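Values in this document were obtained by computation on a predicted structure and should not be read as measured data.
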Amino acid sequence: MSTSWNRRRFLHAALSTSGAVASLSWAARRRAAQAEEAPAAPSSAADEIVLGIMGVANRGHQLAKAFAGIPGCRIAAICDVDERLRGKVAEEVTSLTGRPVEQVGDFRRLLDDQGVDALVCAAPDHWHAPATVLACAAGKHVYVEKPACHNGREGELMIAAARKHQRIVQMGTQRRSAPPIRQAIERLHAGEIGPARFARGWIVSTRPTIGRQQGGSPPAWLDYALWQGPAPEQPYRDNMIPYHWHWFWHWGTGELGNNGIHALDLCRWGLQVDRPRQVTSSGAKLFFQDDQQTPDTQLATFLFGPGGETPDKAIHWEHRTWNKRGFEDSAFGAHLYADGGSLVITSNACTFYDMDGKQLDRQETTSGENEHLADFLECVRTNRAPRAEIEIGVTSTLMCHLGNIAYRTGQVVKTDPATGRPAGNAEAEALWAREYRPGWEPQV
């Protein structure tokens with residue numbers, strides 16, 4: 001399967017200074033239209049989807065192996081600014097599939113390859129939106145890792161790019177595709193334990209310290225200038241790459257964006273809410289004495305409702321990265337509270353309880369990884385909306401951004417519920433977007 005595109009249109013889109021924000025109703029309209037569509041015919045060899053994978057230090061390495069094992073999918077190229085990593089992963093994929101894999105340092109070469117159908121973006125957070133926008137303009141479909149974007153404005157641009165160029169864009173919140181979780185949410189929405197009004201999400205862990213920067217220059221095997229890409233240049237830090245960039249606001253979104261997105265997405269899905277109208281957050285670095293800027297302990301509360309003084313639904317979040325005793329005997333989870341009981345979703349199971357805490361039903365589950373990747377590939381073939389379509393992903397990611405904005409400003413953040421943007425708070429509004437290196441600002 002090959003996607004052709006016009007290079008002149010791509011360059012114009014990449015360099016254009018005009019902006020656009022798309023309607024947020026496309027996914028709902030597409031799902032309604034699907035009800036009238038005939039089932040897709042089984043895929044064949046002619047339906048092979050060709051992928052280029054961008055960023056393979058951690059999550060991208062996992063995705064490369066997972067996609068390599070799916071029939072009807074071929075990985076044409078492995079892209080990373082670390083020449084050691086791209087060589088290692090390319091050799092591994094070749095060994096798994098028996099097919100040659102190209103090694104690429106600059107992801108723009110993938111966009112210029114008419115034989116590549118889709119970009120898989122698992123680069124750091126600050127790359128998610130710029131790479132997605134450019135890929136859509138180049139005629140590529142996109143599987144982008146969570147969180148969808150580095151800031152709120154970028155989420156608007158991702159939706160706009162997907163709509164303008166009519167591309168399939170799926171975010172990596174894979175639990176949306178886990179059959180037991182989907183079934184449990186359907187039962188909740190059907191009213192089996194009454195309407196759900198409150199949800200609690202959490203993740204706890206014991207992460208290592210990142211220590212203090214010791215100085216030095218970028219190693220020869222790393223293209224640090226391209227690693228920074230759209231982010232304004234900063235000096236190289238020897239305690240940041242390949243993973244600890246998560247804990248610096250310039251590139252990452254903290255644990256709330258790193259792993260909180262998974263639980264918050266489940267909470268939002270279960271409560272059937274969109275954008276919060278008020279957000280509060282508190283936290284601190286209580287344990288680590290090192291260079292990381294983001295909190296190792298954070299709590300956030302999101303209030304939802306049509307307006308007025310009284311919210312009708314709420315979500316609470318908590319994370320700790322230095323003590324892994326969690327809730328419900330699980331280090332990760334989402335607990336949805338309803339009028340007649342509750343539903344607890346952890347890494348291993350979906351469990352229903354009555355109002356007295358008596359277990360009603362329990363189904364084991366997995367992360368939904370394989371089903372989620374297969375869903376993306378099938379959506380590329382059939383042009384249906386994926387389960388974590390970018391509008392869904394951006395709306396869940398918005399909660400992470402608003403929680404971090406409330407934490408960083410130390411203020412209650414009220415929003416325009418129609419857009420999710422902070423309203424009436426200049427300090428919060430200033431964190432909605434970011435500056436970019438010259439020539440790298442994403443435009444639609």
Practice problem: Step by step, work out the side-chain contact (heavy atoms from CB on, under 4.5 Å) result for Ile390 and Arg163. | Solution: CA-CA 10 Å; Ile390 192 58; Arg163 302 294 178 264; 4.2 Å; yes
Quiz prompt | His401 and Thr253: CA distance, side-chain angles, deciding distance, side-chain contact (heavy atoms from CB on, under 4.5 Å) verdict | solution = CA-CA 8 Å; His401 295 321; Thr253 52; 4.0 Å; yes
Exercise. May I have the step-by-step check of salt bridge (Lys or Arg N to Asp or Glu O under 4.0 Å) for Arg84 and Glu91, ending in yes or no?
Key: CA-CA 11 Å; Arg84 305 171 309 165; Glu91 289 178 6; over 6 Å; no
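How far CE of Met171 is from CZ of Arg387: 15.0 Å, rounded to the nearest 0.5 Å. Atom CZ of Arg175 and atom CD of Glu371 lie 12.5 Å apart (nearest 0.5 Å). The distance from the CD atom of Glu318 to the CZ atom of Phe327 is 4.0 Å, given to the nearest 0.5 Å. Put simply, OG1 on Thr395 and CG on Asp274 are 6.0 Å apart, with the number rounded to the nearest 0.5 Å. Between the CG atom in Leu226 and the CG atom in Asp106 there is a gap of 5.0 Å [rounded to 0.5 Å]. With values rounded to the nearest 0.5 angstrom, Glu441 atom CD is found 8.5 Å from Arg153 atom CZ.
The aromatic rings of His126 and Trp227 sit tilted relative to each other, their planes meeting at an angle between 30° and 60°.
Residues satisfying the ring pair (Phe, Tyr, Trp, His ring centres under 6.0 Å) test with Trp249, not counting sequence neighbours, are none.
Arg99 has a carboxylate O that lies under 4.0 Å from a charged side-chain N of Glu48, or vice versa, which qualifies the two as a salt bridge. Arg384 has no carboxylate O lying under 4.0 Å from a charged side-chain N of Glu378, or vice versa, which leaves the two without a salt bridge. Between Asp296 and Arg207 there is no salt bridge, since no side-chain nitrogen of the basic residue lies less than 4.0 Å from a carboxylate oxygen of the acidic one. Ion pairing of Arg167 with Asp117 is absent here, as no side-chain N (NZ or NE/NH1/NH2) approaches a carboxylate O to less than 4.0 Å. Salt bridge absent: Asp416 and Arg421 never bring a charged side-chain N and a carboxylate O closer than 4.0 Å. With respect to the salt-bridge test (charged N to carboxylate O, under 4.0 angstrom), the residues Glu255 and Arg320 do not qualify. Look at Arg362 and Glu328 and you find no salt bridge, because none of the NZ, NE, NH1 or NH2 atoms lies under 4.0 Å from a carboxylate O.
Shown here for Ile181 and Cys350, the closest heavy-atom pair between the two residues is CG1-SG, 3.6 Å. Scanning both residues, Ile210 and Asp290, for their nearest heavy atoms gives N-OD2, 3.1 Å. Here the closest non-hydrogen pair linking Val116 and Gly52 is CG1-N, 3.8 Å. Smallest separation of non-hydrogen atoms from Pro71 and Arg381: O-NH2, 4.2 Å. Taking all atoms of both residues into account, the shortest heavy-atom contact from Arg268 to Met399 is CD-SD, 4.0 Å. The shortest heavy-atom contact between Val169 and Val144 is CG1-CG1, 4.3 Å.
Checking Trp322 against Thr297 by side-chain atom types alone, a donor-acceptor pair falls below 3.5 Å. Side-chain contact check for Glu92 and His61: at least one donor-acceptor pair (N or O, by modelled atom type) lies under 3.5 Å. Between Gln278 and Thr415, the side chains place no donor N or O within less than 3.5 Å of an acceptor N or O (distance only, hydrogens not considered). A donor-acceptor pair shorter than 3.5 Å can be found between the side chains of Ser342 and His335. Under the 3.5 Å distance criterion, with hydrogens and angles disregarded, no donor-acceptor pair is assigned to the side chains of His244 and Gln292. A side-chain N or O of Gln170 and one of Asp375 form a donor-acceptor pair less than 3.5 Å apart.
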Can you give the donor-acceptor pairs under 3.5 Å from side chains of residues 196-206 to other protein atoms, not counting sequence neighbours?
from   : atom 1 : to     : atom 2 : distance (Å)
Arg197 : NE     : Asp339 : OD1    : 2.6
Arg197 : NE     : Asp339 : OD2    : 3.4
Arg197 : NH2    : Asp339 : OD2    : 2.8
Trp202 : NE1    : Ser330 : O      : 2.9

Scan the side chains in residues 422-433 for donor-acceptor partners under 3.5 Å anywhere in the protein, sequence neighbours excluded, and list what turns up.
from   : atom 1 : to     : atom 2 : distance (Å)
Asn425 : OD1    : Glu427 : N      : 3.2
Asn425 : OD1    : Ala428 : N      : 2.9
Asn425 : ND2    : Gln411 : OE1    : 2.6
Glu427 : OE1    : Gln411 : NE2    : 2.7
Glu429 : OE2    : Gly424 : N      : 3.1
Glu429 : OE2    : Asn425 : N      : 3.4

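More than 12 heavy atoms of other residues, nucleotides or ligands lie within 6.0 Å of CZ in Arg212, so this atom counts as buried by the packing criterion. In this structure, Gln293 places its CD atom where more than 12 heavy-atom neighbours from other residues, nucleotides or ligands lie under 6.0 Å away.
For Arg86 (side chain) and Met54 (main-chain N/O), no donor-acceptor pair under 3.5 Å exists by modelled atom type. Judged purely by atom type and a 3.5 angstrom limit, Lys285 has no side-chain atom pairing as donor or acceptor with the backbone of Thr294. No side-chain donor-acceptor contact under 3.5 Å links Arg74 to the backbone of Val50. A donor-acceptor pair under 3.5 Å is formed between the side chain of Tyr224 and the backbone N or O of Pro235.
For Phe288 and Trp247, the ring centers sit 6.0 Å or farther from each other. Side-chain rings of Trp127 and Trp245 stay apart, their centers remaining 6.0 Å or farther from each other.
Considering His262, Glu391, Arg176 as possible partners of Ser396, the one that fulfils the side-chain contact (heavy atoms from CB on, under 4.5 Å) test is Arg176.
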